[in-house]
Every structure is written in structure tokens, then in C-alpha cells.
Amino acid sequence: MEMQSTRLLTPEIIDQLPELYSQEKVTDPLVHIKFFAPESSWSWYVIEYDKEDEDTLFGLVNGFEEELGYFSLSELEEYRSPLGLGVERDLSFVPTRLSDLRRQLSQLRKNANT
């Protein structure tokens with residue numbers, strides 16, 4: 001029996017996401033969505049979505065390091081922690097500029113180290 005994966009993106013959200021590569025020349029793009037793994041410190045912040053392949057996302061990944069890159073929606077949906085928890089969409093996340101998000105994450109790291 002095949003296990004149904006949880007949908008992290010609704011059709012309404014997909015309609016609002018910029019197409020992949022459309023923000024390349026934007027100096028300070030808007031981050032639209034935050035995904036997170038509840039049992040870890042990993043978060044994925046979505047800037048763009050490939051509406052053609054319906055899988056590739058581009059944004060900021062905050063894990064072992066903080067970096068811009070591509071990640072897979074299907075891999076996020078399929079992930080399960082040892083306790084069975086999957087990646088979730090942060091329903092309280094407010095779209096914010098990338099520069100502001102990076103400042104917030106830097107402050108959180110600073111506070112965690114004090």
C-alpha cells in the first residue's frame with residue numbers, strides 16, 4: 001500500500017509563487033513560505049517555484065549552514081523523522097524580504113550562542 005504524502009503547497013499558494021528564475025535580477029527578493037522539520041533546526045524558505053516540473057524550489061536553506069539553493073518539494077513531502085514527523089509549512093510565517101530574513105536568522109544564531 002502506497003503512503004500518501006502530505007501536500008505542503010496548495011494550488012492557491014502555487015499560483016502566488018514567482019516562477020523559477022524570475023527573481024534572478026531582484027536585489028532583495030521576497031521570501032514567500034517557510035518549511036521546517038519539527039525535530040531539527042532545519043528550515044527551507046521559498047523564493048521561487050518551478051511550475052513546469054512542479055517540484056523544484058529555490059530559496060534559502062538554513063541547516064548546517066545558511067545558503068541559497070535549490071531543493072525538492074517531493075523530497076520535503078516524503079521526509080519522515082525517526083519519530084515519524086514530516087516537514088511542515090509554518091502557517092504563521094509572514095512573507096518577508098530576504099535581507100530581513102537573513103538579519104533575523106543571524107540574530108537568532110547570536111542569541112543561541114550567548
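Quick caveat, the model's predicted, so the values are computed rather than measured.
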Straight-line distance of [X] [atom1] to [Y] [atom2], nearest 0.5 Å:
X: Phe93; Y: His32; atom1: CZ; atom2: NE2; value: 9.5 Å
X: Leu108; Y: Ser41; atom1: CG; atom2: OG; value: 11.5 Å
X: Ser22; Y: Lys51; atom1: OG; atom2: NZ; value: 8.0 Å
X: Leu8; Y: Trp44; atom1: CG; atom2: CH2; value: 10.0 Å
X: Asp90; Y: Phe35; atom1: CG; atom2: CZ; value: 10.5 Å
X: Leu9; Y: Glu54; atom1: CG; atom2: CD; value: 10.5 Å

Starting from [Y], can I reach [X] by hopping between I/L/V/M/F/W/Y residues whose side chains sit under 4.5 Å apart?
X: Leu76; Y: Ile14; answer: yes
X: Leu17; Y: Val94; answer: no
X: Leu57; Y: Ile13; answer: yes

Donor-acceptor under 3.5 Å (Arg80 side chain, Leu85 main chain):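 A pair under 3.5 Å: no.
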Test salt bridge (charged side-chain N to carboxylate O under 4.0 Å, His left out) applied to Asp50 - qualifying residues, sequence neighbours left out: none
Residues that Arg102 engages under salt bridge (charged side-chain N to carboxylate O under 4.0 Å, His left out), provided they are two or more places apart: Glu66
Steps toward side chain to side chain contact (heavy atoms under 4.5 Å, CB included) verdict (Ile33, Arg89): CA-CA 7 Å; Ile33 299 167; Arg89 180 168 30 97; 3.8 Å; yes
Trace of the side chain to side chain contact (heavy atoms under 4.5 Å, CB included) decision for Phe58 with Val46: CA-CA 6 Å; Phe58 178 80; Val46 180; over 6 Å; no
Closest non-hydrogen atom pair between Gly86 and Pro38, with its separation: O-CD, 3.3 Å
Nearest heavy-atom neighbours spanning Ser43 and Tyr45: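 Looks like CB-CE1, 3.6 Å.
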Heavy-atom neighbours of Gln107 CD exceed 12 at 6.0 Å: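 Enclosed: over 12 neighbouring heavy atoms sit under 6.0 Å from CD of Gln107.
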Verdict with reasoning, Tyr49 to Leu73, per side chain to side chain contact (heavy atoms under 4.5 Å, CB included): CA-CA 9 Å; Tyr49 174 68; Leu73 177 62; 4.2 Å; yes
Stepwise side chain to side chain donor-acceptor pair (under 3.5 Å) check, Ser74 with Asp55: CA-CA 6 Å; Ser74 61; Asp55 189 56; 2.9 Å; yes
Sole candidate of Thr27, Val31, Leu30 that passes side-chain contact (heavy atoms from CB on, under 4.5 Å) when paired with Leu98: Val31
Option passing ring-ring contact (aromatic ring centres under 6.0 Å, His included) with Trp42 (candidates Phe36, Phe64, Phe71):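 Answer after filtering Phe36, Phe64, Phe71: Phe64.
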Carboxylate-amine/guanidinium proximity below 4.0 Å for Asp100 and Arg103: yes
